[in-house]
There are 2 protein chains.
Amino acid sequence: MDALESRIGMLWPDAAAFAAGHGLDPLVATKLWENPCWFSFRLNYLALHFNGPVYGYIQERHGLMRPEYVVLYSLSLKDGSTAKAISESSGFPKTTISRAVQSLIERRLIERTPDSGDRRSFRLELTAEGRRITDETLTPMLERERLMLAPLSPAERFMLAELLAKLVVAAPTWPDAVLPGPATV
Amino acid sequence: MDALESRIGMLWPDAAAFAAGHGLDPLVATKLWENPCWFSFRLNYLALHFNGPVYGYIQERHGLMRPEYVVLYSLSLKDGSTAKAISESSGFPKTTISRAVQSLIERRLIERTPDSGDRRSFRLELTAEGRRITDETLTPMLERERLMLAPLSPAERFMLAELLAKLVVAAPTWPDAVLPGPATV
DNA sequence: GGTGTCAAGTTTCATACGGAACTAATTCCC
DNA sequence: GGGAATTAGTTCCGTATGAAACTTGACACC
């Protein structure tokens, strides 16, 4: 009964013709216009085209792996966060974050001070040098976003920001596993 | 001068208060409402909450790694695609796709036939068994998208689909590296 | 105030991953 | 038509990664 609903993203008649007309790879056009899972494809495709260039640049310029920079960036937004919070908000497993934290401490980009009250966890804080790196990196990141969002009008950008925010806000209500289909029982 | 522009996604006054009111992790709220790079965060966060559950399920139920399933799914949309096209449309490096293809051939989920005309490349095609798996997996994938998009009205979903599509269409015009800032020269 | 359960972070270990170099086929172009 | 430059795909190899097990501390419960 949702046959119509799942076709929301598939309103272009002919992916091949569209691809030819827009300099788009034919398979990309198919995934864009003839894909029942239109949402996840667009999400992943766009995320990819942000992450690749940006983390490539950071890696090359500062020698930081992606999880390391994720920690740094998280602290630049909220200094004193714990490894746990960073892990959950970024989606990297806590083991990966733990390693990143150690590496950043060795490089004196962050400091770890025991949390008063709970001796299992630690406040993580940027050093001056760590802050310098996040400051310096913000410009190219913003520039990349600007570039990617350029096709939209300001009103459209605002609309997009709102729609995505609505979804993020709802995330805590989502189950963290896909239910096995009824045939599996 | 774009100070305003980059604050598009940051229109909520107090992330901490918002988090408390919505059962949202405080760091997530900060990344949502006090983050100059609002776009990439929302993109990655949502992609993550699709990929994790869905690929976890596929891995568990069918023993397929993510790149393997990406190949399978790509062929379910456009049978006869080449490894190259799959690599570029999915963002996985060609070496990873190559390995996935080999594994899928061994498991008789796809077949490889030499491309008439260019003997370097191969048409990849689903076997009946491969098709069975993509058919069977589509339901939980659609269900996950439905769940994630549930907070939006049909009109909003349509709007979101359109906005994201506009961006994907523009992707071929994006440089594939972030320019080094002027201070780097 | 012990005992069992849970949570933050670390260590261990097997492996999936992706960059660099390679092979083979194609295209360019003089 | 023949050599240079490109392209599809594979192989090799070092390593970043994440699941499972572990450590240490908090908290519940009686």
Side-chain angles (χ1 to χ4, degrees), chain A residues 25-27 48 51-53 55-60 62-71 74-75 80-107 110-124 176-177, chain B residues 25-27 48 51-53 55-60 62-71 74-75 80-107 110-124 176-177:
Chain A
D25 176 276
L27 184 50
L48 182 79
N51 298 334
Y55 288 109
Y57 167 80
I58 292 172
Q59 160 90 290
E60 180 150 325
H62 298 284
L64 293 167
M65 308 272 95
R66 182 169 168 193
E68 288 166 354
Y69 189 75
V70 163
V71 171
S74 300
L75 296 180
S81 298
T82 64
K84 175 87 184 324
I86 296 174
S87 163
E88 295 201 334
S89 68
S90 70
F92 282 94
K94 54 183 185 163
T95 140
T96 300
I97 297 298
S98 174
R99 231 178 303 115
V101 165
Q102 289 174 310
S103 156
L104 290 169
I105 291 175
E106 276 166 25
R107 296 181 57 173
I110 67 175
E111 273 169 2
R112 176 171 58 180
T113 69
D115 182 323
S116 53
D118 187 337
R119 267 179 307 176
R120 285 172 305 179
S121 51
F122 304 90
R123 285 176 56 83
L124 302 173
D176 42 345
Chain B
D25 176 274
L27 184 50
L48 183 79
N51 297 335
Y55 288 109
Y57 166 82
I58 291 172
Q59 159 90 289
E60 180 150 324
H62 298 284
L64 292 167
M65 307 273 96
R66 182 169 167 192
E68 288 166 354
Y69 189 74
V70 163
V71 170
S74 300
L75 296 180
S81 297
T82 65
K84 174 88 186 321
I86 295 173
S87 163
E88 295 201 333
S89 68
S90 70
F92 283 94
K94 54 184 186 161
T95 137
T96 300
I97 297 299
S98 173
R99 229 178 304 114
V101 164
Q102 287 174 310
S103 157
L104 290 168
I105 292 175
E106 275 165 27
R107 296 181 55 175
I110 67 175
E111 274 169 0
R112 176 171 57 180
T113 69
D115 183 323
S116 52
D118 188 337
R119 268 178 307 175
R120 284 172 306 179
S121 51
F122 303 90
R123 285 177 55 84
L124 302 172
D176 41 346

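As the structure is a computational prediction, the values presented were derived from the model and not from experiment. Sequence lines set the chain letters: A, B, ... in the order given, protein chains first and strands last, and positions in each chain run from 1. Heavy atoms only: backbone and side chains are in, while hydrogens, waters and symmetry mates are out.
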Where the side chain of B/Ser90 meets the backbone of B/Ile86, is there a donor-acceptor pair that is under 3.5 Å apart? yes
OH of B/Tyr69 versus P of C/dC17: gap in Å, rounded? 16 Å
Taken to the nearest whole Å, NZ/B/Lys94 to P/D/dT7 is 10 Å
In this structure, how many angstroms lie between the P atom of C/dG9 and the CG atom of A/Leu124, rounded? 7 Å
Look at B/Arg66 and D/dG18 and indicate whether a side-chain polar atom (N or O) is within less than 4.0 Å of OP1 or OP2. no
Taking the nucleotide of DNA chain D with the nearest heavy atom to each, does B/Gln102 or A/Gly117 sit closer to the 5' end? B/Gln102
Over how many whole Å does the gap from B/Met65 atom CE to C/dA16 atom C1' extend? 8 Å
Backbone N/O of B/Phe92 and side chain of B/Ser87: donor-acceptor pair under 3.5 Å: yes
Separation of D/dG25 atom P from A/Lys84 atom NZ, nearest Å, is 19 Å
To the nearest angstrom, how far is A/Phe122 atom CZ from C/dA7 atom P? 18 Å
Classify the side chain of B/Arg120 and the base of D/dT7 as holding, or not holding, a donor-acceptor pair under 3.5 Å. yes
Specify the residue among A/Pro93 and A/Asp118 whose closest nucleotide of DNA chain D lies further upstream toward the 5′ end. A/Pro93
Please determine whether any donor N or O and acceptor N or O are separated by less than 3.5 Å between the side chain of B/Ser121 and the base of D/dG9. no
Shortest non-hydrogen contact from A/Leu27 toward B/Ser89: CD2-OG, 3.4 Å
Distance test, side-chain N/O of B/Thr96 to OP1/OP2 of C/dG18, below 4.0 Å: yes
Just N and O in the side chain of B/Arg119: are any of them under 4.0 Å from OP1 or OP2 of C/dT26? yes
Can you check side-chain contact (heavy atoms from CB on, under 4.5 Å) on B/Ser81 and B/Leu124, steps first, answer last? CA-CA 6 Å; B/Ser81 297; B/Leu124 302 172; 6.0 Å; no
Could you tell me whether the phosphate oxygens of D/dT10, OP1 or OP2, come under 4.0 Å of any side-chain nitrogen or oxygen in B/Ser98? yes
Rounded off to whole Å, could you give me the CG-to-P distance for the A/Leu104 and C/dT10 pair? 12 Å
Rounded to whole angstroms, how far apart are CD on A/Glu88 and C1' on C/dA8? 11 Å
What I want to check is whether an N or O donor and acceptor connect the side chain of B/Arg99 with the base of C/dG18 at under 3.5 Å. yes
Side chain B/Glu68, main chain B/Met65, donor-acceptor under 3.5 Å: yes
